[in-house]
Amino acid sequence: MKFAKAYEPGEYEAEVYGAWEAAGVFLPKKQEMVSLGQFPSEHAEGEDLAQYSSEPAPGRLGQVFMAPQSIGPKPVARQRAFSIVMPPPNANGNLHIGHGLTIAIQDTLVRYHRLLGEPTWYIPGADHAGFETWVVYERVLEKQKQTRFMFTREELYARVWDFVQEQRGGMELQVRALGASCSWRDLTFTLDENVVRRVYATFEKMWKDGLIYRGEKLVNYCTKHQTAFADIEVVHRDEEGTLWSVAYPLLDGTGEIVVSTTRPETMFGDVAVAVNPADERYKEMIGRRLKLPLTERDIPVIADEHAEIEYGTGAVKITPAHDYDDFEVGERHDLPRLTVIGFDGKMLPAAGEYAGMESLDCRKKVLKDLAVAGLLRGEKKISHVVAHCYKCDTVVEPLLKDQWFIDVEKLAARAIEHLERGEIKFYPESKGRVLVNYLKNLHDWNISRQIPWGIAIPMFRRVDTEGADGRPEWIFDNRTHLSEIEIGGVRYKRDEDTFDTWFSSGHWPIVCTNWEEGLENPFYPLNVMETGADILFAWVARMIMIGLYVTDEVPFREVYLHGLVLDEKGQKMSKSKGNVINPMELVGKYGSDAFRLGILRGRSAGMNQAFAENSVISGRNLCNKLWNIARLVQGMVDAEVAENGYSVSELTTGAERAYETNRMGEDWICRELEGCRVELMKMLEEYRLAEAVELLHATIWDKYADWFVESQKLAPNIPLLTHTLAVILTMLHPFAPFVTETIWQNLSWTEGLLISQQWPLKLIYDEISAEKFERLMDVVSETRGTLQRLPGGKKWALLYGDDSLVAENSELVKFLTRVPEVVSVEGQPRGLRLALANNELYLDVPEKVVLEYKESLEERILAVGRELDALNLRMMNPRYVERAPAELVRETRNAIAEKEALIEGLKRELKVI
RNA sequence: GGAUCUUUAGCUCAGCUGGCUAGAGCGUACGAUUCACAUUCGUAAGGUCGCUGGUUCGAGCCCAGCAAGAUCCACCA
């Protein structure tokens, strides 16, 4: 006996994964592709698909990219292949529960498609996680009492590189532990040479197409991290604030205007006061000049719709350099931009005597000084939205900065066009519309980041002279390893900034599949992009825009978005709440399969759903159940071999019909398995994985184990048992790869690796025979239920009258019900009649016990009577008979007849007593 | 301010294009025990499907309105 008493995942998982990897089954096989007509014949047989991986060596982190050489003539047509990319986990981090979910979903899909015989390519990734890693590294520097300003950009980059290398590896082991059947040879790191090359190519194209511009615009700036952020990286929160009223006197001393502001410290950057043109109160003030308090400057009163009559005093100070609205007002009125807060969050010389102060300290002093000058006219608590850094929660300051922007108008329009044409199918469907809505309101994309850890922006500025028009002259050059270059005797200095990581991540499907212009690539577009719904805008939107821009095709045909994994109370997981669930802990405790089954259960597309250890326990139990089924079947096989000398090869499972169905339950289980097989395929196509897990659980446990295997104990049908077990193992394999493979390796009659077997073929069965077993199941269930309800708890014999089904299967009924005897009763029936319409069955109990049971019987009659009433009511409605489908009406009639017969029988029983 | 989603058993969720007595896992109660599995077996209890209308022979499902909760987007001084 090779099977231990219980399945201990820890004893097999690493070994099984190693066997898969060693066998090379995760790689997309070239052989398959040749047969599909994808590759020219001059390539040697057996050679794998190296040209579709950018790099032959495993783990190519940081290695030099080797461009694919000639791939040969274009193949005729794209064949069915299955490709999917892993959203790259942080290279130097640990997997969190969200990764666990992603991998469970993706790997299940990949394994299913592999079993279907499609060439599959699951491409793993590792993310340099620009800002995330940078924040971690800055903390390391801090501990060493150093700051970023002590090093050059190159030094910092090199140091972080080494830091990442040291920390690296854990994540990849964790991905393996989850069973991801990804092609490790093709691991793509977001700073790989081919990624950088592709990103530069796109940037150059955009530069030439005029989509890139450098502009001094307001950017979201974190003064702690000293970098700008894209809009989506900023967290907006409702907060309590104060709205102050400050009087600005007219220059000629004839009056004043009281303005409302939440940020008095920015007043040194005021360049105007705006009032609404329709505001009667201020009509004659427009065009006059105001003295800016605490300064020597004076500013005009302008008319602009931006000033709302109802809000505050109706007059608003205009500070174009520190407020988005004011920036636009400034543009409209051609006002200067006066910056008074620096990138370090301190006041600049423009603030006069306040220069050098922290902006918040400055606010306090300004308020005090205004009060002293008698210009502070009141304050009011308000609730307003404040922007924060998503990492350190510092209030994000809108600051003027020269940055690279992408003009997104055309990119977004094109994405919308393809989305509206329905070229990408979304799960859940609503997210497609949400995305279009987002793209319609997209602002230009700031792609500059002041973080050394990232891909350098390949732009160089002429240093010795300015351009002809006196403005800085920028050129594109991809030699970013140099901080300065010389072209034709002119020196250019590299921009110090790096790309927003989403700009490079937006290329993910392109770089992972090694898409190249003019070459047919069976793996691009991806079949499906599976990722978190929270990065629909940040990532999915960018991949679509960039994919279309670079390849003229949408980068994937379907998008499956999973929601957040919440804790068991439905709360968001967070370190501060201490409710974070570590997937690796669960894998260690219950096994990888149990984790996968557990995390998939109760989860549907796009929804934030709770997750509890219970579901993992349920998964663990299923694995153990399956293990024990296999243990039993193998035992039966061993006994058969010993007794009848079967050779194991006679028990192979490959043929469509390697079995005969003779006895009760055999056709039935084939029917149930066939139904499960077909339904599973449908569910997997529609990404209904949670339902698929439930279906498998019910089929394996409630049907296969509880009824079929149980029945088989009386007289095992070995070819059928081995065949059906193989079918079950194959169907469960995508979800629970380790236990199914381990069993496959332990069974004496199986060959090869389960991972590379074929998805089961149609099962053949006889419908009438299957139906019959179902009726026998009713008999068994009713007998068990009645025995349970009978007082005394004693076991009674089962008597049958004119009942061929029970007569022919009396041994099986006896075995399944555990009654001491199943015997025919001649003549006058006795005992308690079972509540079955189609069978005449009695439990041989004394009259005394029947009497005690009488109440329960009456209740039963009433219950059936209520059901009968409901059915009759329906039939009494002439419009039902008239309009409902005939089939349905017929079924209702049958049901009525059956219930009437049942009640009749039960009533007769009562009278007997 | 805009948008999306959710509301079904004690808990977490299914319920596909409207069709018979609304399901599962976990939990609960009762019973079983050396027969593959106590990570087990059997049985049972538990639901006016958020509320109000409408469409329909028929509504958990479709439509309208309301209520509660969640999430995302947004520059209101």
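- In this structure, Ser615(A) reaches neither bases nor backbone, as no heavy-atom distance under 4.0 Å exists between it and the strands shown.
- Side-chain N/O atoms of Arg433(A) include one lying less than 4.0 angstrom from OP1 or OP2 on C5(B).
- The 5' end of RNA chain B is approached more closely, in terms of each residue's nearest nucleotide, by Gly606(A) than by the other of Gly606(A) and Leu243(A).
- In this structure, Glu613(A) reaches neither bases nor backbone, as no heavy-atom distance under 4.0 Å exists between it and the strands shown.
- Among the atoms of the strands shown, none is found under 4.0 Å from any heavy atom of Thr892(A).
- Taking all atoms of both residues into account, the shortest heavy-atom contact from Asp326(A) to Thr319(A) is OD2-N, 2.7 Å.
- For His236(A), taking side-chain heavy atoms from C-beta onward, the closest of the listed nucleotides A74(B), A77(B), U40(B) is A74(B).
- Across all strands, Glu882(A) comes closer than 4.0 Å to no nucleic acid atom at all (heavy-atom distances).
- Here the C1' atom of nucleotide C41(B) and the CG atom of Leu787(A) are 15 Å apart, to the nearest Å.
- Of the residues near RNA chain B, Val386(A) and Glu891(A), the one whose nearest nucleotide (by heavy atom distance) lies more toward the 5' end is Glu891(A).
- The two residues Asp593(A) and Val739(A) have their closest heavy-atom pair at OD2-N, 2.6 Å.
- At a cut-off of 3.5 Å, with distance as the only test, a side-chain donor of Gln634(A) or Ser748(A) sits close to an acceptor on the other residue.
- The nucleotide C5(B) finds its pairing partner in G69(B), both defining distances of the Watson-Crick or G-U wobble pair being shorter than 3.5 Å.
- Of the listed nucleotides (A77(B), C37(B), C16(B)), A77(B) has the atom at the smallest distance from the side chain of Tyr311(A).
- Each of Lys381(A), His384(A), Lys380(A), Glu379(A) was compared with Thr242(A) under the side-chain hydrogen bond (donor to acceptor under 3.5 Å, both in side chains) criterion, and only Lys381(A) meets it.
- Comparing the same atom, P, in G46(B) and in A3(B) gives a spacing of 44 Å after rounding to whole Å.
- Using a 4.0 Å cut-off, some side-chain N or O of Gln609(A) falls inside it from OP1 or OP2 of A14(B).
- Residue Gln712(A) is classed as having no contact, given no heavy-atom separation below 4.0 Å to the nucleic acid.
- Residue Pro398(A) is out of contact with every strand shown, counting any heavy-atom pair closer than 4.0 Å.
- Between C41(B) and G60(B), the distance separating the two P atoms is 34 Å to the nearest Å.
- Listed here is the closest heavy atom pair of Tyr7(A) and Thr742(A): OH-OG1, 4.2 Å.
- If you check A24(B), A36(B), C73(B) against the side chain of Glu694(A), the one that comes closest is A24(B).
- Atom name C1', nucleotides C73(B) and A14(B): the rounded distance is 31 Å, in whole Å.
- As rounded to the nearest Å, G1(B) and C16(B) have P atoms that lie 35 Å from one another.
- Summarising the base pairing, A77(B) is matched to no nucleotide, lacking a Watson-Crick or G-U wobble pair whose two defining distances lie under 3.5 Å.
- Nearest nucleotide to the His306(A) side chain, out of U43(B), A36(B), A77(B): A77(B).
- Surrounding CD of Glu568(A) are at most 12 heavy atoms belonging to other residues, nucleotides or ligands under 6.0 Å away.
- Side-chain atoms of Lys572(A) lie closest to C72(B) of the nucleotides U39(B), C72(B), C37(B).
- The phosphate of C16(B) (OP1 or OP2) has no side-chain N or O of Arg688(A) nearer than 4.0 angstrom.
- Lys589(A) has no side-chain polar atom (N or O) that falls below the 4.0 Å cut-off from OP1 or OP2 of U39(B).
- Between C41(B) and Trp701(A), a contact under 4.0 Å exists linking OP1 or OP2 to a side-chain N or O.
- Following rounding to the nearest Å, Glu679(A) (CD) and G15(B) (P) show an atom-to-atom distance of 12 Å.
- Comparing the same atom, P, in A44(B) and in A36(B) gives a spacing of 25 Å after rounding to whole Å.
- Here Asn621(A) reaches the OP1 or OP2 of U40(B): one of its side-chain N or O atoms lies under 4.0 Å away.
- The P atoms of G31(B) and G19(B) are separated by 40 Å, rounded to the nearest whole Å.
- Residue-level contact check: Met607(A) touches the backbone only, with heavy atoms under 4.0 Å from sugar-phosphate atoms and none from bases.
- Side-chain proximity of Asp706(A) to the nucleotides G42(B), C20(B), U6(B) is greatest for G42(B).
- Within 4.0 Å of Lys431(A), counting heavy atoms only, lies no atom of the nucleic acid at all.
- Base pairing of U28(B) is made with A44(B), judged by Watson-Crick or G-U wobble geometry with both donor-acceptor distances under 3.5 Å.
- Phosphate proximity of A36(B) to Lys713(A): present, with a side-chain N or O under 4.0 Å from OP1 or OP2.
- Among the nucleotides U21(B), A36(B), U6(B), the one closest to any side-chain atom of Ala870(A) is U21(B).
- Note: CD (Gln788(A)) to P (U43(B)) measures 8 Å, nearest angstrom.
- Counting any heavy atom pair closer than 4.0 Å across all strands shown, Arg263(A) reaches no nucleic acid atom.
- Residue Glu429(A) qualifies as open at atom CD: its count of foreign heavy atoms under 6.0 Å is 12 or below.
- Phosphate contact (OP1/OP2 of C13(B), side-chain N/O of Ser604(A), threshold under 4.0 Å): absent.
- Looking at every heavy atom in both residues, Leu566(A) comes nearest to Gly570(A) through CD1-O, 3.4 Å.
- Comparing U21(B), C73(B), C13(B) by their nearest atom to the side chain of Ala610(A) picks out C13(B).
- Look at the P atom in both A22(B) and C61(B): the space between them is 15 Å, to the nearest Å.
- Contact annotation for Phe537(A): backbone-only contact, meaning every heavy-atom pair under 4.0 Å involves sugar-phosphate atoms and none involves a base.
- Listed nucleotides: C26(B), C73(B), U43(B). Nearest to the side chain of Asn614(A): C26(B).
- Counting to the nearest Å, the P atom of U12(B) and the CD atom of Glu568(A) are 10 Å from each other.
- Among the protein residues, Lys899(A) comes within range of the nucleic acid bases, having at least one heavy atom under 4.0 Å from a base atom.
- Residue Ala307(A) comes nearest to Gly314(A) through the heavy atom pair CB-O, 3.8 Å, listed as atom of the first residue, atom of the second, then distance.
- The residue Arg784(A) sits close only to the backbone: its heavy atoms come under 4.0 Å of sugar-phosphate atoms, none of a base.
- Across the P atoms, U52(B) and C72(B) are found 32 Å apart, a figure rounded to whole Å.
- As judged by a 4.0 angstrom heavy-atom cut-off over every strand, Ala307(A) is placed among the base-contacting residues.
- The residue Asp323(A) sits close only to the backbone: its heavy atoms come under 4.0 Å of sugar-phosphate atoms, none of a base.
- Across all strands shown, A59(B) has no partner, as no Watson-Crick or G-U wobble contact with both distances under 3.5 Å is found.
- Under the Watson-Crick or G-U wobble criterion, with both distances below 3.5 Å, U52(B) is paired with A64(B).
- Out of U40(B), G25(B), C20(B), the shortest distance to the side chain of His697(A) is found at G25(B).
- A salt bridge does not link Lys425(A) to Glu686(A): none of the charged side-chain nitrogens sits closer than 4.0 Å to a carboxylate oxygen.
- Not one side-chain nitrogen or oxygen of Arg631(A) sits closer than 4.0 Å to the OP1 or OP2 atom of U39(B).
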